[in-house]
Amino acid sequence: MCPASSQSKASAWLMENGPKELELLFRAIVYHPADPILIADNDRHTLEASAGAGKLLGLPREKIIGRRVDDFAPSKFKPQVSQLWRAFLEQGEQEGTLQLTGPDGTAREVEFTARRNVLPVRHVIALRDKSAPAESQDEFPEGIPSWVQDYALYLLDSEGSVAAWYAGAERIYGYRAHEAIGQDVSFLYAGGDSLEATLQEEFRRTESEGHMGAEGWQTRKDGSRFWANAVTMALKDEKGKLQGFARVARDFSERHEKDEKLRRSRERSRPIPSQPTIAGVVSGEFDRIPEANDAFLDLVGYSREDLASGCMSWPDLTPPQYAALDELAHEEGLRFGACTPYEKEMIRKDGVRVPVLVATAVLKLCPFRWITFVQDLRERDRAESIEDEEPEIKQDFEEMVGSSAALKRVLRQAEVVAPTDATVLILGETGTGKELVARAVHRMSPRKHLPFVTLNCAAIPTGLLESELFGYERGAFTGALSQKIGRFEMAHRGTLFLDEVGDIPLDLQPKLLRALQEKAFERLGGTKTIPIDVRLVAATNRNLTQMMGDKLFRSDLYYRLKVFPITTPPLRDRPEDIPILARHFTKKYAAKMSRDIDKIPAETMQALVSWHWPGNIRELENFIERAVILSRGPSLRAPLAEIRQDALESAGSATLEQVEREHVIRVLRECGGVVTTAATRLGLHRTTLNAMMRKLGITRNEL
């Protein structure tokens, strides 16, 4: 077969099939925009409708296509539509005002611009609701933008020469058909050394990928430039051989600036989570959704029955304020095959809005097919929101908030010992909630309806502690003008909580031990033995084992107190509870101060989790209270410089022994308290590590 014959066959195929393929590409471009656009034939029958037209007319796309344009007008206005249409077909262009019936059934004034023969007997009608709120028209206050008003459609042969040139291309570029047909497409671009190579690469990619989009400056016949958005589709015969290209170009000069603003705002938006989880995958044709996975259906609250019956469509799921983002994503999908991921909300079947991250890829243009990946961002928003659901903690544990394994272990221990009368010794650093554990033990015990009496042994002067514990008789000492009931007597049949029990003077410890063993005591200055039924819960942040070695605490009292020890973990050992506690305290103090705070920024939360909180929960609570005082908006404004400066100062002021002690404790904890394993990691003999632990005062209770 000679080349000329082969070329003529390709040309004949292109002229026969090219317009059909070009119309499908055109429909794919037109269907999505938020602006109302209709494609109609000579008889006013609607062939395609954009998503915006569906919203304007209050009908799904399927119920618009096939109907005449005047079907959407009030009865008394239909003759006027017929007159306008006849004038339009004669003149080729028409602008004016129509009356169309909106979703509410009332007539509204709609501005229109019509362009004839974008394709043969295919006309574009761009609409604009004049009664829409002003804010929805901010982007183009002067009327319908140029890229909606007209489209340049033309066909290229496999070599890149113009094969067919339609009326829209004539209007946009200024060239008549006889001037354009046969010319290489490069005549529409400004000259440049790299132009030929750029166009060759564009055609190569279009052939291999099926379609491609590009934007850049192009020139009109009069020499003026405009920013062109062009989508090119490869046209192949049934054997897959390339026959030519279909192209739709638009004047995006106005839209170009809008796109850049959107991209810049997208770059400033919150980052994509570091561990993305795809919640749903959905695909469709135009705005229909024939396929969706279970995760997507669960995300939007629809069932497979809804999907099968067509009750779920993409416009149903999209709030109108995201139309511009969706439209930009659609354009990117046509141009590049996939869009840049962007954040939006989706409307569930129950009306609740769900924050999501959306990425769309074009599968095939004929018919237009796409697949969308939707990532559920509720988890990320919950991470910043103070309304995150807190773990369910039994009422008996009051403000003991958290979900860590370390906290749960403490709560289980409290539940186990609470029903008994055993003495409980609560060990732990200051600010770890030892008193809360003591109160929980009392609430879950059979004594819960009887007194819970507390005494902080460190807060009472040494000389007065005995009288606080056991009371005194009138005249027992100078100033004892009346009898006083002590804490033991006050707690009869209930629970006595001795906080900071390690601060009890050595000379008072035997009397305390006797009262516990004999379940009886004598008031100061008295001779009568008073029987008591008291359940004792003690707490301390001191190392009682070391104090025994230093002869500061009696061993017999220590073992009498340590019937059931519970160690409250420091906050640095339960960092997973910090976000929960931070939200809890933010809500607590925001309510107290009548502040409307609903979010903790991710940066703030990261700083809170990173800090080791030497003062534990008490320090965190005070810090959050201060942050609430400083906050004036809906986001918590925390003085992060304070904890960062504290970190620098504490790192610089730690002694060698403190650093050594912390390191040994950390390694022992990582090894589960197994000394042999820890010694191996530290490069020491087991006996050496034991000696070092004794020297540094490291006990099993700290592990």
Side-chain angles (χ1 to χ4, degrees), residues 32 34 51-52 54-55 58-60 103-104 133 135-136 265-266 269-273 275-284 287-330 339 341-360 370-392 403 579-580 583-584 586-587 590-591 596-602 605 633-636:
H32 195 278
K55 287 187 173 65
L59 294 170
D104 55 1
E135 59 266 21
S136 67
S265 67
R266 190 183 296 173
S269 65
R270 292 178 293 184
I272 297 171
Q275 294 182 333
T277 301
I278 297 298
V281 181
V282 59
S283 67
D287 55 5
R288 292 177 56 251
I289 302 180
E291 301 167 20
N293 70 351
D294 290 338
F296 182 84
L297 293 172
D298 182 63
L299 177 71
V300 297
Y302 284 84
S303 66
R304 290 231 163 259
E305 290 71 25
D306 295 326
L307 184 64
S309 64
C311 294
M312 181 177 68
S313 68
W314 200 251
D316 295 331
L317 304 173
T318 304
Q321 64 266 37
Y322 294 98
L325 277 174
D326 289 341
E327 192 173 322
L328 181 57
H330 174 74
C339 76
Y342 62 105
E343 292 184 21
K344 61 177 284 186
E345 290 179 324
M346 295 184 70
I347 303 174
R348 286 174 49 86
K349 187 178 182 180
D350 57 12
V352 174
R353 295 193 178 194
V354 179
V356 294
L357 185 76
V358 180
T360 297
W370 47 264
I371 184 168
T372 296
F373 302 90
V374 181
Q375 177 188 332
D376 188 348
L377 294 183
R378 284 177 293 187
E379 202 59 48
R380 186 204 63 186
D381 282 11
R382 279 195 287 265
E384 293 194 347
S385 171
I386 68 170
E387 296 300 328
D388 189 19
E389 293 182 8
E390 295 177 0
E392 289 188 8
S403 61
I580 302 171
R583 296 185 192 101
H584 173 77
T586 300
K587 289 167 67 175
D596 187 14
I597 300 175
D598 57 16
K599 186 173 78 169
I600 301 177
M605 190 65 81
S635 184
L636 186 72

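Both backbone and side-chain heavy atoms feed into the values below; hydrogens, waters and symmetry mates do not.
Checked by atom type and distance alone, the side chain of R348 never pairs as donor or acceptor with a backbone atom of V354 at under 3.5 Å. No donor-acceptor pair under 3.5 Å is formed between the side chain of R583 and the backbone N or O of K599.
For K344, the salt bridge (Lys or Arg N to Asp or Glu O under 4.0 Å) partners two or more places apart in sequence, or in a different chain, are D326. Applying the salt bridge (Lys or Arg N to Asp or Glu O under 4.0 Å) criterion to D596, with sequence neighbours excluded, gives no partner residue. With sequence neighbours left out, Y302 forms a side-chain hydrogen bond (donor to acceptor under 3.5 Å, both in side chains) with no residue at all. Residues passing the side-chain hydrogen bond (donor to acceptor under 3.5 Å, both in side chains) test with S303, sequence neighbours excluded: E305, D306.
Across all non-hydrogen atoms, the minimal contact from A329 to C339 is O-CB, 3.3 Å.
Between I347 and L317, every side-chain heavy-atom pair lies at or beyond the 4.5 Å cut-off. When side chains are defined from C-beta on, S635 does not count as touching I597, because their heavy atoms never get closer than 4.5 Å.
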- Query: Passes side chain to side chain contact (heavy atoms under 4.5 Å, CB included), R304 versus L297? Steps please.
  - Reply: CA-CA 8 Å; R304 290 231 163 259; L297 293 172; 3.7 Å; yes
- Message: Between V356 and E343, is the side chain to side chain contact (heavy atoms under 4.5 Å, CB included) condition met? List the steps.
- Response: CA-CA 6 Å; V356 294; E343 292 184 21; over 6 Å; no
- F296 vs V374, side chain to side chain contact (heavy atoms under 4.5 Å, CB included): CA-CA, chis, key distance, verdict: CA-CA 7 Å; F296 182 84; V374 181; 3.7 Å; yes
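Once rounded to the nearest 0.5 Å, the distance linking CE of M346 with CG of L377 reads 11.5 Å.
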